[in-house]
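Take a look at the structure below.
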Amino acid sequence: MTHVPSEDSHKIQVSTAKSPPPNSKRTIAHELESMETSARPSRCRETNGGPAGPCNPWTGKPFSSLYYQLEEKRRALPVFQERERIVEIVKRNRVVVLQGETGSGKTTQVPRLLLEAGFQRIACTQPRRIAAVSVATRVAHEMDVRLGELVGYTIRFEDVSHPKLTRLKYVTDGMLLREAFQDDRLSRYDCIILDEAHERTLSTDVLMGLLKGILKQRPELHMVVMSATLERDHFCTYFDHAPLLNVSGRMHPVDIRFAERPVFDYLFAVEQQVRQIHENEPAGDVLIFLTGEEEIEDMCSRLRHYSRATARKHGAPLQVLPLYSALPMSVQERVFEPPRPPEARKVIVATNVAETSITIDGITYVIDPGFAKVKIYNPSTRVESLLVSPISQDSARQRAGRAGRTRPGICYRLYTEEAFRTELPARSHPEILRSNLCNVVLTLKKLGIHDLIHFDFMDPPAPDTMIRALEMLFYLGAVDEEVELTQLGRQMAEFPLDIQIARMLLESPRHGSSNEAITLAAMLSVPNVFLRPRQQADEADARKQRFVVSDSDHATLVRVFEAFMDHGCDRQWCAENYLNDRALMHAVNIRRQLELMMQRMGLRICSPGRRAPDRWIRLRRCVLEGFFSQTAFWMRRRDYLTIRDEQLVGLHPSSVIRHRPSWVVFHEFVLTTGSYIRTVSQIEPKWLFELPTKYYDLLEYKEGASRRALELAARLTGQRRSAAP
DNA sequence: TAGGGTTTT
């Protein structure tokens, strides 16, 4: 019996963290355990009088027909050609930096080669869940083994791996970091591969620093850092001059064409470029990179208009397709379908999703205006915001590469070669330099790292950012005066949540409302669930009214979630109510996970009941328990002033709050056309003084508007603290 | 009264 992977094998199998994978059998365990580490095909015994064929050393069974198909392709990959060199250099060095271009096969082949070379347990990290799943599936097929046994994967909510059998595990970088919570030397692995290291995600950066320390403690551990673009100096130097291996890719040539002179209106230039391609260049699909939803929808209508106006003159029409992550899945998937009508030229107008996360084959022309929205963090105001910025040279190369996946292509850069060299930074700023570090610091503390300032980050964050993070952890009760992790802090780190949300959950049983708080925590952890297509904005707003709790955006979110559950998580119902079903389904999963965690920690799951008049009051108090540092009081007309930082802000127009409460708590501060606070709830000022935190000690405030507002609030609510000078 | 790039636990 051969195991032929079918379409079903691609489906995601779900199992809980500690249970064995589906269909695991003792016989396979036996086979694997008795197997030698080097995997050379052996001969199978003759069965049923048939001839003896080559036999899969991992299973002892004859190979399937699919195996031979995949094997042929795999042997043609550049990495396969270099296999001996790769294995040798990894075995001889503790750390190796492997630079393999797109199409080299590094992600599928390197881990397997190392397994076959005798490593006992290998983890290979991926920045994205979908990559971990699809690569693990591919490798299991290539090795002709069942997914979840020898080869498996672990991502949040899904563990398709076996504690004993799995020897090659693909895992999201965040998940491996979590594993280090249980085992801070990651001692089950003798080889750890960090893939896509050039993306420099927060988790990969923390893992790199952590692993550098672990390497010193565990002389048997080997590590491979795999990266696509040239950052050789940076990676090699960081890992004490680790050797660099370079494997060529298999890409088709891409002709790069720069603008001859600077472009001032890139949207206009994009449109001109599409016309030029459509009217003069041979058939082939076009991919355009823009910065956001609004720009994309605008461009789509301009291009559709052009297509309608000129279809007769130029023969084939354009099929214009938007692509950004907030789009419903069904709309996103259209970019993979054949064009409609069949003779049309597809024009995909995308955000950065198309740069790394979503790969579309068959693109011949790429148009790159050279901008993207980037998250920036300002530690002095503690505001994270999005800013349209020039992309990096690395990013520009990545975009260009999207044109040469299946055949030679052209990339039109709407900036001059001079600008490319002098105005674009060589590399993107790693995320760790652009983020609020509260959770990173808490993670490091939990991992037992005491000297945070000297933690060996590849790019150390600004001291100010670290200090701000520590200060916040202190106010939240996660660390004490000696900057030691408290019991509360340990619990907060367990939760896969922003620490403020974790704190809200931990305090919620005290307010008799942990049930609602868990729902809210899940809703705050997923993207905005309210859809508002420009054409149907009024209708969408009207639908949202059905869920409104007039003094709280937080409570409104809880009501939306409950209504979603009441309607059986129905997608159609979501569509009718302009709600993002994907985000809501995700919230359902998160909620389930959080509830289990709460129960395991012995925290009470309680609710005042849906009809209780004080239900939303309790919830708003829970919110304040986590977000007490994000309150604001009404100043004048439309303006609020944030406490402590005294920033003048407006209520975001998406808020359900129509009156002007004197005090509010908010979830986030956004900087767009103005300064806004978004996801807001009314609070009673007296609650501030009942919080178990020093944050509202009047002594902590300099003379100013905030202090005066607090003094007034204290006086009005009869707080004795107001008497303090 | 307006916009949210992308990921992950």
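Lettering of chains follows the sequences in order, A, B, ..., and the numbering in each one begins at 1. Bear in mind the structure is a predicted one, so any value in this text is a computation, not a measurement.
With dT9(B), dG5(B), dT1(B) as the choices, the nucleotide that has an atom nearest any side-chain atom of Pro653(A) turns out to be dT1(B). Out of dT9(B), dT6(B), dA2(B), the shortest distance to the side chain of Asp541(A) is found at dA2(B). Comparing dA2(B), dT8(B), dG4(B) against the side chain of Leu386(A) picks out dG4(B) as the nearest.
Looking at every heavy atom in both residues, Tyr415(A) comes nearest to Ala419(A) through CB-CB, 4.3 Å.
Atom pair Glu297(A):CD and dG5(B):P shows a separation of 10 Å (rounding to whole Å applied). Per the geometry, CG belonging to Asp205(A) stands 14 Å off C1' belonging to dT7(B), to the nearest Å. As a whole-Å value, the separation of Tyr324(A) OH from dT6(B) C1' is 15 Å. Rounded to whole Å, atom P of dG5(B) lies 25 Å from atom CZ of Arg200(A). Between Leu531(A) atom CG and dA2(B) atom C1' the separation is 16 Å, expressed in whole Å. One can place CG of Leu207(A) at 19 Å from P of dT7(B), the figure rounded to the nearest angstrom. Atom CD1 of Ile432(A) is separated from atom P of dT6(B) by 22 Å (rounded to the nearest Å). Following rounding to the nearest Å, Ile376(A) (CD1) and dT6(B) (P) show an atom-to-atom distance of 17 Å.
Residue contacts shown for Glu668(A) include a base, since a base heavy atom lies under 4.0 Å away. Nucleic acid contact class of Glu293(A) (heavy atoms, under 4.0 Å, all strands): sugar-phosphate only. Here Ile155(A) lies in heavy-atom contact (under 4.0 Å) with sugar-phosphate atoms only. When heavy atoms are screened at a 4.0 angstrom cut-off, Arg128(A) is found touching the sugar-phosphate backbone but no base atom.
Taking the ring axis of Phe289(A) as reference, the NZ or CZ atom of Arg399(A) stays within 45° of it and closer than 6.0 Å to the ring centre.
In this structure, Thr172(A) reaches the dT9(B) phosphate: one of its side-chain N or O atoms is under 4.0 Å from OP1 or OP2. Applying the 4.0 Å criterion to OP1 and OP2 of dT1(B), one finds that Arg658(A) has every side-chain N and O outside that range. In this structure, Thr351(A) reaches the dT6(B) phosphate: one of its side-chain N or O atoms is under 4.0 Å from OP1 or OP2. Residue Lys375(A) places none of its side-chain N or O atoms closer than 4.0 Å to OP1 or OP2 of dT6(B). At dT6(B), one or more side-chain N or O atoms of Ser325(A) fall inside 4.0 Å of OP1 or OP2 (strictly under the cut-off).
Taking a cutoff of 4.0 Å between a charged side-chain nitrogen and a carboxylate oxygen, Asp553(A) and Arg678(A) do not qualify as a salt bridge. No salt bridge links Glu494(A) with Arg490(A); every basic N to acidic carboxylate O contact stays at or beyond 4.0 Å.
Asp173(A) contributes no side-chain N or O that, together with a main-chain N or O of Leu207(A), makes up a donor-acceptor pair within less than 3.5 Å.
When side chains are defined from C-beta on, Cys124(A) does not count as touching Lys169(A), because their heavy atoms never get closer than 4.5 Å.
Projected onto DNA chain B by closest heavy-atom contact, Gln593(A) and Val353(A) fall at different nucleotides, the more 5' of which corresponds to Val353(A). In terms of position along DNA chain B, the nucleotide closest to Leu651(A) lies nearer the 5' end than the nucleotide closest to the other residue of the pair Leu651(A) and Pro527(A).
In terms of polar N and O atoms assigned as donor or acceptor, the side chain of Arg532(A) never comes within less than 3.5 Å of the base of dG4(B) in a complementary pairing.
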